[in-house]
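Read the structure below first, then the notes.
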Amino acid sequence: MELALVVHLLVVITIYGILAISLNLVVGATGLFNLGHAAFYGIGAYTSALLVKAGVPWLLAVLASMAMAGFVAFIIGIPTLRLVGDYLAVVTMGLGEITRAVFKNWISLTRGPMGLPGIPHASILGIEFDTADKYLILGIICLLITFVVAERILYSPFGRVLKGIREDEAAVQALGKNTYRYKMAVLVVGSAMAGLAGSLFAHYITFIDPSSFVMWLTFFIFLIIVLGGLGNNLGAVVVTVVFVALREGLRFVGLPLWLNPAALQQLIFGILLIIATIFVPRGLIPERKVVYE
Amino acid sequence: MEIFVQLLINGVIAGGTYALAAVGYSMVYGALKFINFAHGSIAMVGAYIAFVLVTMADVPLVPAFLGSMLLTAGLGVMVERVAYRPLRRAPKLASLTTAIAVSFVLDAAVMIIMGADIRTFSLTGMRSYQIGPIYITPVQGAIILTSLVFMVGLYGLLTRTKLGKAIRAVADGISLAEVSGIDTNLIISAVFAIGSALAAASGALIGMDTNLQPTMGFIITVKAFAAVVLGGLGNVWGAVVGAFLIGIVENTGVWFIPPVWKDSIAYGILILALFLRPSGIFGKKEEAQVTVL
Amino acid sequence: MSAANASDRTILEVHQLVAGYGKSEVLHGVSLEVAAGEIVTMVGANGAGKSTLLRSIFGLTDIHGGVIKFKGTVITGLPPHAITAHGLALVPQERNVFPSLTVRENLEMGGFTVDRATLEERIERVFERFPRLRERQRQKAGTLSGGERQMLAIGRGLMTSPELLMLDEPSLGLAPKIVEAVFEQIRLIREGGTTVFLVEQNARRALAIADRAYVLELGRIRHQGSGQELLNDPEVQRAYLGG
Amino acid sequence: MKHRALALWIALLVVGALAVSFITPAPLAAEEPQVYKVGFISHLTGDAAVYGQSLKMGTELAVDVINEAGGINGVPVEVIYEDDRLSAADAQTAFLKLVETDKVPVILGSASSTISLSLCPKAQEKKVVQVSQVSTAPALKDCGPYFFSVMASDTAQGPEWVKVAEYLGVKEAAVMYINNDYGIGVKDTFVQAFEAAGGKLLIVQPFELGGKDFRTEVLKVKGTNPPVVFIVDHVAEASIVFKQAAELGLKTQWVTDVSIVSPEVPQLAGKEAVEGIMGLRAGSSQTPEYQAFREAFLKKFGKEPTIWADFAYDAMMLVAKAIEKGGYTADGIQKALFEVAETYVGPSGAKKFDEYGISQGSYEWVVVKDGEWVLYEKAPSATETPSATETAQ
């Protein structure tokens with residue numbers, strides 16, 4: 001494989017890696033069944049792209065996009081976090097689709113389905129990340145920061161409460177913890193991280209449109225964190241690498257033209273997924289045991 | 001007013017197709033407590049089987065319809081054996097992962113075999129009839145009739161027969177059913193067979209009313225999922241009510257709000273309903289389980 | 001009925017059972033015997049593994065080692081419904097009725113493997129035993145009171161006419177008066193010829209009714225003997241009978 | 001559990017290694033390539049696969065024709081088909097794969113204007129020629145010198161519709177459009193031109209891509225009793241709209257955009273539902289080029305040419321001619337494309353490029369008769385024409 005393609009895929013991996021870690025906090029660690037994650041990613045992408053196009057420096061724009069994604073998560077969290085399990089899943093899925101409908105139909109702001117072209121590359125203090133190589137450095141830095149922050153959260157007393165909520169919310173409530181606040185906090189933080197990923201995406205591809213933020217993306221990230229081992233950030237990153245490499249690597253397998261190679265790639269990917277899940281239903285790196293107080 | 005009656009009928013037609021898909025979805029949820037995201041893809045396969053029987057094997061419409069239900073029932077049983085049964089005791093998210101993977105596989109397989117072309121049953125003589133102020137085609141009449149017949153049939157099955165009672169028993173408590181001497185694996189196979197057959201009916205009717213595409217399953221999955229959750233998870237009759245509600249709200253709502261927000265309306269109503277009743281219309285509090293783990 | 005001649009008519013034999021959930025092991029080598037016609041109780045603190053033991057006998061856990069025999073046949077590793085077919089019945093501790101099924105349907109499910117005529121006859125017998133259930137036969141089990149629910153659970157367990165009925169904490173959460181009635185029923189069931197294996201936290205009552213008893217502690221058998229012996233054992237008294 | 005995880009890791013490594021082994025024997029760039037590789041990017045899976053797969057068929061047919069005639073100066077052509085999954089990120093992966101690994105100097109695609117727009121900055125940056133078959137968004141003209149489109153821009157269709165309206169003598173009309181880049185583009189140009197010409201719009205009704213139930217939308221249009229409805233849509237949704245409009249008793253003169261003029265539509269919607277519908281065809285079905293193309297397509301695939309297959313065919317043909325003339329380099333192809341297009345006439349019509357590399361198409365008016373799109377016979381004098389509905393019957 002040529003280096004430029006490898007670099008590109010690595011950039012994609014850093015972006016998806018951040019998404020996987022952020023969703024892992026919400027779903028893996030806390031057990032909040034969030035199917036609307038792609039929406040926060042999209043909010044980050046649009047916020048950042050529009051601000052930078054309006055002349056705001058990228059560094060400020062990315063902070064704003066994280067704040068915006070976090071803020072929307074907060075608003076969405078108010079009514080939804082009372083719901084549990086699959087009810088939360090369907091509501092977050094619905095809100096994700098409504099958000100996408102806003103991207104699509106607020107044409108004066110987002111240009112709707114036409115998409116936003118010509119987004120400038122990210123730059124910090126005059127250093128412009130205008131090639132994939134440079135962007136990879138930026139992506140890795142952001143991924144590392146996200147990773148460290150997520151690990152800090154998971155292995156702090158706060159993180160133990162999150163896992164407690166996942167295992168048995170009533171028990172945590174019985175200990176006098178306001179679980180609603182904890183859930184809100186993790187949703188906001190996770191969504192802000194998704195906003196960061198969105199900003200990175202927008203300024204890398206330099207073009208965004210609503211079709212980049214579909215529910216399938218959330219599903220895709222879901223598959224990653226399940227196979228990585230719920231609540232395990234290292235697993236999430238490793239599986240992101242494996243997934244992207246496998247999904248795009250299948251392009252290089254010489255499949256016969258008459259067999260519809262693109263569909264066959266999807267078929268093979270699906271079968272490999274089933275086999276992998278059956279082999280390691282708890283993920284490649286099962287969660288480390290947590291000692292409860 | 002006249003137009004409103006027509007909108008209502010349109011909603012009932014849409015609701016009928018959703019309901020057929022939703023009851024199977026709900027039954028599977030009842031038995032295994034996980035969301036079978038492959039359900040819509042199974043409905044799609046059912047639609048294609050009916051299509052192949054009618055247009056390529058020259059089977060008359062009604063036998064083809066029933067044949068597709070039968071064959072799809074077999075497919076459902078097979079999917080459960082291969083992709084879900086090995087994960088019975090794994091975290092629920094593992095089953096969710098394989099369900100998504102199964103839908104990848106089914107969509108891709110149909111695309112490889114049948115091509116990406118849009119297909120149609122080319123039913124001749126399908127003119128619409130005007131009854132008072134409303135217009136309705138034979139297929140649409142069949143949709144309403146079929147969904148009613150199958151709902152009544154399903155009601156009889158679940159309340160009057162030993163199999164039906166066992167299905168409800170398994171949904172109430174799978175280990176208790178086991179120790180009562182019920183071969184739960186057999187019952188779960190039966191659930192998948194019935195659910196998939198009804199999904200096939202839904203897919204085939206949608207296909208006859210409009211057209212077929214290998215990706216048509218996703219929207220069925222989403223609508224049925226919403227219907228099931230709105231009705232209360234695991235409650236079959238709740239799913240039916242939820243399905244008709246969504247169909248009617250979508251169709252009447254578009255009259256007042258631009259149709260680009262059609263899906264958003266459906267989700268909005270869903271979110272509002274769950275805000276008022278966090279466990280669905282007919283759901284019980286204790287059944288609002290967490291699928292994640 | 002004394003412990004001495006029990007082994008001649010042993011119907012249930014558990015030998016060095018090691019079991020648990022997934023990788024975590026709850027039972028670390030439990031052995032016990034139940035003879036035909038006995039009431040055998042198992043007492044122990046919360047978390048000792050009592051329910052796990054019953055569930056393991058019924059094939060609902062992951063068994064890592066040991067053998068379970070019923071009437072000489074090895075039943076280890078069989079699926080639960082096959083174990084039921086051998087003549088065992090389990091009344092679990094919680095979720096022991098199907099809440100959305102009616103009382104009558106619950107009993108029908110209890111006798112899932114029984115033919116129609118026998119089924120009607122047995123339902124009738126359960127109704128004779130628990131007249132309250134007859135009154136409420138069309139009501140959903142989820143709407144029953146705690147005591148009625150427990151009666152239904154036991155009735156459901158009796159539908160297969162088991163040779164060995166295993167009860168998991170039948171007195172849990174019931175009013176004292178109803179507890180009394182439940183234990184009375186257990187005695188009657190044994191008198192009707194069914195062997196009973198009873199797991200209880202209410203050790204005083206359970207030991208009083210038992211022919212023989214075991215004490216389970218952290219997945220291991222600590223004490224065993226006749227019900228009376230254990231009632232008088234100072235160590236058992238201190239630990240389980242509140243001094 | 002541990003050894004299972006290990007087994008999976010090993011399995012994944014093996015698969016990875018296999019994938020790499022397919023890649024490594026990339027031949028060093030020889031002086032004279034054994035085969036001219038051309039890249040192709042479109043949506044080959046997912047909701048819009050029907051369009052990508054159709055373009056793929058048209059391209060395959062062109063490749064057959066070229067190679068059967070001995071290739072380009074004796075060197076055969078090979079097209080490498082990549083899926084963009086209708087996602088900008090995946091499209092870039094596909095692009096980089098084609099450019100970096102397969103070293104193609106020219107890429108065909110994508111079908112969607114948004115994906116083409118997302119690709120074009122990269123194509124300019126990497127100096128790779130991008131020839132889109134059917135992307136028509138007006139914004140594409142700003143892409144740069146390496147971008148070409150063999151279909152006329154959306155901006156041309158709106159004014160053509162106004163001509164139809166004038167010919168039909170209608171002052172009031174309804175518009176239905178699909179809510180995507182293409183639908184909005186055509187709708188906007190028409191609304192502007194029609195209102196400037198003094199026309200009045202009764203309703204401008206959008207509907208969603210991927211839907212299967214447009215009954216309410218149709219009823220809303222029906223409520224305004226429009227004499228003419230202009231509709232811009234794609235095959236999948238349009239055929240449902242026509243079918244449901246007929247079912248709901250909407251009697252009007254439909255006029256469609258170019259996307260709907262495809263043999264699939266009468267077939268999918270049912271003959272009765274589409275009888276008498278007028279439409280714009282990009283290029284012409286009457287030309288000998290189109291007839292020859294249709295026959296070849298029928299022979300190869302056993303069915304009528306699918307939507308846009310003729311444009312995909314022409315795009316590939318033009319690229320082949322450009323390679324022949326300008327050589328197998330991006331700059332050579334880029335320059336030669338302008339020249340070869342001057343005179344080229346294919347099944348989708350003449351393809352002469354303007355300064356932005358966009359073809360200037362012409363439109364043919366067509367109408368559905370007995371389930372087939374046929375040339376619309378204009379009356380000798382527009383003022384005396386009977387209403388279009390009568391003409392159609």
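Labels below follow one simple rule: chain letters A, B, ... track the order of the sequence lines, proteins then strands, and each chain is numbered from 1.
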Could you check whether D:K97 makes a cation-pi contact with A:F252, meaning its NZ or CZ is under 6.0 Å from the centre of the six-membered ring and within 45° of the ring axis?
yes
Less than 4.5 Å to any heavy atom of chain A: does that hold for the side chain of D:A49, its backbone, both, or neither?
neither
Applying a strict 4.5 Å limit to non-hydrogen atoms, the region of D:Y81 in contact with chain A is side chain
Residue, of D:E82, D:E60, D:R85, that accumulates the most heavy atom pairs under 4.5 Å with chain A:
D:R85
Is chain A contacted by the side chain of D:A89, its backbone, both, or neither, given a heavy-atom distance below 4.5 Å?
both
Ion pair check, D:K126 and D:E100, cut-off under 4.0 Å
yes
Answer with side chain, backbone, both or neither: which region of A:I15 has an atom nearer than 4.5 Å to a non-hydrogen atom of chain D?
neither
Does a side-chain heavy-atom distance below 4.5 Å link A:C142 with A:L196?
yes
If you tally heavy-atom pairs under 4.5 Å between each of A:R111, A:Q266, A:R247 and chain D, the highest tally belongs to A:R247
Non-hydrogen atoms of A:L19 and A:A194 that approach each other most closely
CD2-CB, 3.9 Å
Using non-hydrogen atoms only, which part of D:N179 is less than 4.5 Å away from chain A: side chain, backbone, both, or neither?
both
Nearest non-hydrogen partners of A:A49 and A:L116, listed with the distance
CB-CD1, 4.1 Å
So that I can tick it off, tell me whether A:K104 and D:E208 are bridged by a salt bridge, with the cut-off set at under 4.0 angstrom between side-chain N and carboxylate O.
yes
Under a 4.5 Å cutoff for heavy-atom pairs, which residue among D:L44, D:L96, D:T93, D:I115 has the most contacts with chain A?
D:T93
Aromatic ring centroids of A:H8 and A:Y204 under 6.0 Å?
yes
Residue D:D90 versus chain A: region with a heavy atom under 4.5 Å
both
Tell me, for D:S113 versus chain A, whether the close heavy atoms (under 4.5 Å) come from the side chain, the backbone, both or neither.
neither
